[in-house]
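Order of the sequence lines sets the chain letters (A, B, ...), proteins ahead of strands, with each chain counted from 1.
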Amino acid sequence: MTQARAITLNALSLYAVALVLAAAYAAQFIVHELPCPLCLLQRILFAALAVGPILNIRFGPRPSHYAMSLLAAVAGAAASTRQVLLHILPGDAGYGSALLGYHYYTWALIGFIAAIILIAAVMLFDRQFEDDGAVLPATGGIFAQIAVWLVIMLTVANVVTTLLECGFGACADNPLVYEMLERAA
Amino acid sequence: MEFTLLFLATAIVMVIAWRGPRPLALGLFGAVLIACVATYLHHATDTLKLSF
């Protein structure tokens, strides 16, 4: 795999992270289900997955950048596994609604495991780590730049919505209202 | 509040990774990841009702 192909793949992975963050927003705003503290932590770790690809696009692919995403994916898998285990007993309806038979935290666990496998698979291609002399577009080209700013904007949007949901105190275990909006009303 | 700060820190790390020095981005990413694990451990106090 050439450096240029690896950078395109990294840009695609950023679009995948953006899709996950947008899907979480769809559940929050369309189904009106506010994320619980563990759900928020999983969102943060999905966003953290994006830092490795951003560095790969800017500085070129390096094993250390992939390792950063792997660490974020492992932490995310641990958090989502805990939430799956919290609701695993028969008779437990789980937290929130289900999508295609699985709750969002189960989808998150599948997503983090898929990320671990895909990152490991991409790291098998050693040629991306060698300078092949190809002239790469500055900061990955427009396709990659849009991906980077999309993920950054979605993460900044989460700063605002999380502040509205939790306010300046601790987030509720089972949030039903936006604390800040409730206080202002 | 801690989740708002973690989102904010992650966004800052992303901007530094895109525009700032690489060592700073790596260091801040490590700090954010440690903060995430600490937050997880702080919140993971409910007993898992499992009996293996």
Side-chain angles (χ1 to χ4, degrees), chain A residues 35-48 50-59 62 64-65 68-69 71-72 74-76 78-79 82-83 85-89 92 139 145 148-149 151-171 173, chain B:
Chain A
C36 61
L38 261 178
C39 313
L40 286 170
L41 190 60
Q42 288 160 55
R43 276 195 205 184
I44 291 163
L45 288 163
F46 267 118
V51 178
I54 291 173
L55 287 167
N56 274 335
I57 291 167
R58 185 170 169 219
F59 296 101
R62 295 191 198 182
S64 55
H65 301 160
M68 293 164 70
S69 292
L71 287 171
V74 169
R82 175 168 175 86
Q83 197 165 8
L85 291 177
L86 280 171
H87 300 290
I88 204 167
L89 285 184
D92 189 318
T139 56
Q145 286 176 30
V148 170
W149 285 112
V151 169
I152 290 175
M153 296 316 287
L154 279 164
T155 308
V156 171
N158 269 287
V159 176
V160 177
T161 53
T162 307
L163 182 63
L164 286 175
E165 180 190 327
C166 303
F168 294 105
C171 283
D173 284 342
Chain B
M1 186 63 190
E2 64 270 36
F3 298 101
T4 309
L5 292 175
L6 283 173
F7 269 121
L8 181 63
T10 308
I12 290 170
V13 173
M14 285 177 182
V15 172
I16 290 173
W18 191 233
R19 290 286 165 93
R22 182 176 174 273
L24 181 62
L26 262 64
L28 283 178
F29 176 84
V32 168
L33 203 59
I34 289 168
C36 283
V37 173
T39 305
Y40 168 76
L41 294 174
H42 175 68
H43 280 269
T45 49
D46 295 341
T47 308
L48 286 177
K49 297 179 280 296
L50 301 172
S51 54
F52 292 115

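- Among A/Thr155, A/Ile44, A/Val148, A/Ile54, the residue making the largest number of heavy-atom pairs under 4.5 Å with chain B is A/Ile44.
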Side chains of residues 35-43 of chain A: which donor-acceptor partners sit under 3.5 Å, not counting sequence neighbours?
| residue | atom | partner | partner atom | Å |
| --- | --- | --- | --- | --- |
| A/Gln42 | NE2 | A/Leu38 | O | 3.1 |
| A/Gln42 | NE2 | A/Gln83 | OE1 | 2.7 |
| A/Arg43 | NH1 | A/Gln28 | OE1 | 3.0 |
| A/Arg43 | NH1 | A/Asn158 | OD1 | 2.9 |
| A/Arg43 | NH2 | A/Ala24 | O | 3.4 |
| A/Arg43 | NH2 | A/Gln28 | OE1 | 2.9 |

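- For A/Leu154, no part lies under 4.5 angstrom from a heavy atom of chain B.
- Here the side chains of A/Leu163 and A/Phe168 are in contact, with some heavy-atom distance below 4.5 Å.
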With a 3.5 Å cut-off and sequence neighbours excluded, list the donor-acceptor pairs that the side chains of residues 13-32 of chain B form with protein atoms.
| residue | atom | partner | partner atom | Å |
| --- | --- | --- | --- | --- |
| B/Arg22 | NE | A/His65 | NE2 | 2.9 |
| B/Arg22 | NH2 | A/Ser64 | OG | 2.9 |
| B/Arg22 | NH2 | A/His65 | NE2 | 3.3 |

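- With a 4.5 Å cut-off on side-chain heavy atoms, A/Asp92 and A/Ile88 do not count as touching.
- The contact between A/Val151 and chain B is made by backbone and side chain atoms together, counting heavy-atom distances below 4.5 Å.
- Interface remark: B/Leu33 contributes side-chain atoms only to the contact with chain A (heavy atom separation under 4.5 Å).
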